[in-house]
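So the structure is just underneath, and the comments pick up after that.
Throughout, numbering of the chain's residues begins at 1 and tracks the sequence.
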Amino acid sequence: MTPLRVLLHAPTAEALARARRNAANLHIARPDAEVLIIANAGAVATALATPDATDPLLRLCRNSLAAQGLDNTRELVEVEAAVVTLAELQAEGWTYIRA
């Protein structure tokens with residue numbers, strides 16, 4: 001069976017909390033799955049303020065950081081633009097889920 005490749009999109013603080021839970025649950029159910037959490041808009045500030053065990057899976061939108069005047073002081077992985085990353089990975093066969 002082909003391993004799962006799942007994109008969890010978190011545009012709000014509440015969605016980030018759901019995405020983190022989803023990622024943890026997915027890892028338990030399917031340890032071989034590839035999972036990424038793409039955070040943009042309101043989720044970016046929350047991601048910076050609330051560390052989590054799923055942070056290695058997290059990608060912050062650089063555009064959202066700039067728009068909100070935030071510094072990535074935690075040095076989490078950034079992507080140029082969430083929309084571009086989501087589109088490119090879906091084109092590569094990743095499954096999109098909005099958290």
Side-chain angles (χ1 to χ4, degrees):
M1 176 159 54
T2 304
L4 292 174
R5 295 171 22 174
V6 179
L7 292 171
L8 298 167
H9 178 202
T12 66
E14 296 81 9
L16 179 61
R18 283 190 300 273
R20 286 171 163 172
R21 286 190 306 269
N22 290 164
N25 290 337
L26 186 55
H27 178 71
I28 291 167
R30 297 289 183 275
D32 62 334
E34 293 180 67
V35 181
L36 290 175
I37 300 170
I38 310 297
N40 69 321
V44 172
T46 301
L48 292 171
T50 56
D52 189 80
T54 60
D55 283 351
L57 309 175
L58 188 58
R59 304 296 181 264
L60 301 181
C61 175
R62 196 171 297 131
N63 287 339
S64 293
L65 285 163
Q68 297 172 55
L70 298 172
D71 291 320
N72 183 2
T73 56
R74 295 196 42 233
E75 298 183 6
L76 296 167
V77 177
E78 296 177 19
V79 296
E80 176 184 3
V83 67
V84 172
T85 301
L86 291 167
E88 288 175 344
L89 291 174
Q90 286 179 83
E92 293 175 15
W94 287 69
T95 299
Y96 172 89
I97 299 173
R98 183 172 172 143

From [X] [atom1] over to [Y] [atom2], what is the distance, rounded to the nearest 0.5 angstrom?
{"X": "Thr54", "Y": "Leu36", "atom1": "OG1", "atom2": "CG", "result": "11.0 Å"}
{"X": "Leu76", "Y": "Arg59", "atom1": "CG", "atom2": "CZ", "result": "9.5 Å"}
{"X": "Leu70", "Y": "Leu60", "atom1": "CG", "atom2": "CG", "result": "9.5 Å"}
{"X": "Leu48", "Y": "Leu65", "atom1": "CG", "atom2": "CG", "result": "6.0 Å"}
{"X": "Thr95", "Y": "Leu89", "atom1": "OG1", "atom2": "CG", "result": "11.0 Å"}

Original post:
With sequence neighbours left out, what residues match Val84 under side chain to side chain contact (heavy atoms under 4.5 Å, CB included)?
Top reply: Ala81, Glu88
same_hphob_cluster([X], [Y]) at 4.5 Å side-chain heavy-atom cutoff:
{"X": "Tyr96", "Y": "Ile38", "value": "yes"}
{"X": "Leu16", "Y": "Leu26", "value": "yes"}
{"X": "Ile97", "Y": "Val35", "value": "yes"}

Between [X] and [Y], what is the shortest heavy-atom contact and its length?
{"X": "Ala10", "Y": "Ala19", "result": "CB-CB, 4.2 Å"}
{"X": "Ala15", "Y": "Ala99", "result": "O-CB, 3.3 Å"}
{"X": "Cys61", "Y": "Glu80", "result": "SG-O, 4.5 Å"}
{"X": "Pro51", "Y": "Ala49", "result": "CD-O, 3.6 Å"}

**OP:** Evaluate the criterion side-chain contact (heavy atoms from CB on, under 4.5 Å) for residue pair Asn40 and Val79; output intermediate values, then yes/no.
**Re:** CA-CA 10 Å; Asn40 69 321; Val79 296; over 6 Å; no
**OP:** Would you mind reporting whether Leu7 and Thr85 have side-chain heavy atoms less than 4.5 Å apart?
**Re:** no
Original post:
How about Leu58 and Val77: do any of their side-chain heavy atoms sit closer than 4.5 Å?
Top reply: no
**OP:** Output yes when a side-chain donor or acceptor of Arg98 lies under 3.5 Å from a complementary backbone atom of Pro11, and no otherwise.
**Re:** no
Subject >> Option passing side-chain contact (heavy atoms from CB on, under 4.5 Å) with Arg20 (candidates Leu8, Asp55, Asn25, Leu57) >> reply: Asp55
Subject >> Partner set under salt bridge (Lys or Arg N to Asp or Glu O under 4.0 Å) for Glu78, not counting sequence neighbours >> reply: Arg62
